[in-house]
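Heads up, the thing below is written out as structure tokens.
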Amino acid sequence: MPSTLIVYATTDGQTRKISERIQQTLRASGLETTLVDVGTASALDPAGFDGVIAGASVRYGKHDPAMARFLDGNRDAINRVPNAFFSVNLIARKPEKRNLEGNKYLRKFLERLS
């Protein structure tokens, strides 16, 4: 059975709640999931999963640096499997800011990882 790692970085708990909802949805579809806070994610090897989903919130205009370190440190393993990243931030409440082109925080974060 395919397994998915869901790793999140949260400040006020919203990203954790979204991650838990993603986990529930995937499990209902028959996928095994492992949900972990980025602070303890270093104990896991993303290479042991069939997919990786990462999510982080924006605080004071920046995503959590621990998430950037996790993604940078596991780039090769994550790039070998289907993967996704989601960003939780207040500017995304505006329709024009809900995509990559309109969301400068997400763009800057992803460019930094490139």
Residues V58, S87; criterion side chain to side chain contact (heavy atoms under 4.5 Å, CB included); working and verdict: CA-CA 7 Å; V58 173; S87 175; 3.9 Å; yes
Charged N to carboxylate O under 4.0 angstrom, D72 versus R75? yes
Is the backbone N or O of P46 less than 3.5 Å from a side-chain atom of N74, with the two atoms forming a donor-acceptor pair by type? no
Give the minimum heavy-atom separation between P82 and D50, together with the two atoms involved. CD-O, 3.3 Å
Determine the minimum heavy-atom distance between E20 and L35, stating which atoms define it. CG-CD2, 3.6 Å
Between G39 and D37, what is the shortest heavy-atom contact and its length? N-OD1, 2.6 Å
Quick one: are Q23 and Y8 in side-chain contact, heavy atoms under 4.5 Å? no
Within the distance-only criterion (no hydrogens, no angle test), does the side chain of D45 pair as donor or acceptor with the backbone N or O of A47 below 3.5 angstrom? yes
What distance separates I18 CD1 from F86 CZ, expressed to the nearest 0.5 Å? 5.5 Å
With side chain to side chain contact (heavy atoms under 4.5 Å, CB included) as the criterion, how do I6 and L26 come out once you've worked through the C-alpha distance, each side chain's angles and the decisive distance to 0.1 Å? CA-CA 10 Å; I6 305 168; L26 293 177; 4.1 Å; yes
Rounded to the nearest 0.5 Å, what separates atom CZ in F70 from atom CD1 in I78? 4.5 Å
Minimal heavy-atom distance between I53 and I22, with the atoms involved, is CD1-CG2, 3.9 Å
Minimal heavy-atom distance between A9 and M67, with the atoms involved, is N-CE, 3.8 Å
H63 to A56 - nearest heavy-atom pair and separation: CD2-O, 3.6 Å
Might you work through the side chain to side chain contact (heavy atoms under 4.5 Å, CB included) test for S57 and Q14, ending with a clear yes or no? CA-CA 8 Å; S57 59; Q14 295 306 312; over 6 Å; no
